[in-house]
There are 2 protein chains.
Amino acid sequence: MESKKLNIITNVLSAKKLKITHQRIVVYQAVMETNKHPSAEQVFERIKDNNPSISLATVYKTLETFVENELINKVSSPGGTMRYDAKRKHHNHIYITNTNEILDYEDEELSKILMNYLNKKKFSNLNITDIKLQIKGEKVNPSKGISIT
Amino acid sequence: MESKKLNIITNVLSAKKLKITHQRIVVYQAVMETNKHPSAEQVFERIKDNNPSISLATVYKTLETFVENELINKVSSPGGTMRYDAKRKHHNHIYITNTNEILDYEDEELSKILMNYLNKKKFSNLNITDIKLQIKGEKVNPSKGISIT
DNA sequence: CTCCAAATAAGAATTATTATTATTTAGTAA
DNA sequence: TTACTAAATAATAATAATTCTTATTTGGAG
Ligand SMILES: [Mn+2]
Ligand SMILES: [Mn+2]
Ligand SMILES: [Zn+2]
Ligand SMILES: [Zn+2]
């Protein structure tokens, strides 16, 4: 249960040769247990009650460390602030402009279509590292969710 | 020539019922005459020598006004700062991470493929305002350009 | 021309993020 | 175990990007 999850995290950190610290564990957990693409500030808010001595700067630095080690992703948002994403599998994002939410939009078929189309193109002098669709929109009813068929 | 361009700008501003000010004219020109997606600071840098009394805050405010009036677009970048885009026709962006450049990638065929694919999907409670492909990559040779076949 | 709502300049304030530095600690090895 | 040390952290200052405030100016309507 609790100890098993903790064990998984220590394994992940060890595999990247990162020191296992309490701060890294709680930041990692906080990012992993949500799909809301939190900002550094939001990660800090989520963990600070149970970890009163943790510093916001440490949260920023820890998240950066995770990004550098490819444990999480960093994504810019139309609101301007950087958000962090636990999902490592390739996926697209829907930016909800009236709520600042970022939703995942995973679509295997679409990814294949894009791959297939872009592979025919030749981009000289360019090393492509990522290709994703960015959908922007607003919730008609901000208090309700969005479903996709 | 000069006066003709000026005339076009005054017409554009008039059509949006915006007061025609010197500041708006030079900011509009600065954004229009480049495809480099400048930041507010970069727009300010470009115009300040010929307009020593213009204020950076005015540049910010003026760009926002243009965005609200749909004369230009605002786009977030992986570097975190907001950039402004004169091109109003639908197009995609290539973010060059090692030079902070934003390149336009216009592709009618791709746009159609995406439109076509996404129109089959039903997004409930979501009002889609924009769909674009975001390509991220790095220049192999940062001092050279990129060409696409 | 006069007038005034709107725009601007200047600078303060805010927000997001990064840098600095003294202190603490995880992991290593005696 | 304990001692050591490089790395991590806390606290806070600094910076960067953007927005706000307010006194002054001005475009354009009448
Ligand atoms: Mn910033
Ligand atoms: Mn910002
Ligand atoms: Zn995501
Ligand atoms: Zn563009």
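Just so you know, these numbers use all the heavy atoms, side chains as well, and skip hydrogens, waters and symmetry mates.
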Short side-chain N/O contact from [X] to OP1 or OP2 of [N], under 4.0 Å:
{"X": "B:Thr58", "N": "C:dA9", "answer": "yes"}
{"X": "A:Tyr60", "N": "C:dT17", "answer": "yes"}
{"X": "B:Gln23", "N": "C:dA9", "answer": "yes"}
{"X": "A:Thr81", "N": "C:dT17", "answer": "no"}

Exercise for review: Could you check which of D:dT19, D:dA10, C:dA26 has an atom nearest any side-chain atom of B:Lys74?
Suggested key: D:dT19

Practice item. Report the nucleotide, chosen from C:dA26, C:dT8, D:dT9, that has the shortest atom-to-atom distance to any side-chain atom of A:Lys19. Key: C:dA26

Review point. Under 6.0 Å between ring centres, would you say that holds for A:Tyr105 and A:Tyr95?
Key: no

Protein-nucleotide distance ([X], atom [atom1]; [N], atom [atom2]), rounded to Å:
{"X": "A:Phe44", "N": "D:dA11", "atom1": "CZ", "atom2": "C1'", "answer": "11 Å"}
{"X": "B:Ile54", "N": "C:dA7", "atom1": "CD1", "atom2": "C1'", "answer": "11 Å"}
{"X": "B:Glu64", "N": "C:dT8", "atom1": "CD", "atom2": "P", "answer": "14 Å"}
{"X": "A:Arg83", "N": "C:dT17", "atom1": "CZ", "atom2": "P", "answer": "11 Å"}
{"X": "A:Lys48", "N": "D:dT9", "atom1": "NZ", "atom2": "C1'", "answer": "18 Å"}
{"X": "B:Leu56", "N": "D:dA16", "atom1": "CG", "atom2": "C1'", "answer": "11 Å"}
{"X": "B:Glu68", "N": "C:dA7", "atom1": "CD", "atom2": "P", "answer": "10 Å"}
{"X": "A:Leu13", "N": "D:dT9", "atom1": "CG", "atom2": "P", "answer": "10 Å"}

**Study point:** Residue whose nearest DNA chain D nucleotide is more 5′ - B:His22 or B:Met82
**Key:** B:Met82

Check your understanding: Relative to the 5' end of DNA chain D, which residue comes earlier, B:Glu41 or B:Ile20, by the nucleotide with the nearest heavy atom?
Key -> B:Glu41

Point to revise | Heavy-atom check, side chain of B:Arg88 versus side chain of B:Asn73, under 4.5 Å | key: yes

Practice item. Indicate yes or no: at least one non-hydrogen side-chain atom of B:Ile102 is less than 4.5 angstrom from one of B:Ser77. Key: yes

Review point. Pick the nucleotide of DNA chain C nearest each of B:Leu18 and B:Pro52; which residue has the one closer to the 5' end?
Key: B:Leu18

Exercise for review: Inspect the contact between B:Lys74 and B:Glu68 and indicate whether a charged nitrogen and a carboxylate oxygen are less than 4.0 angstrom apart.
Suggested key: no

Review point. Does anything in residues 40-88 of chain A pair up under ring pair (Phe, Tyr, Trp, His ring centres under 6.0 Å), and if so which pairs, sequence neighbours excluded?
Key: A:Tyr28-A:Phe66

Practice item. Could you tell me whether A:Ser53 contacts a base, only the sugar-phosphate backbone, or nothing, with contacts defined as non-hydrogen atoms closer than 4.0 Å? Key: sugar-phosphate

Practice item. Tell me what B:Ala57 touches on the nucleic acid: a base, only sugar-phosphate, or nothing, going by heavy atoms under 4.0 Å. Key: base

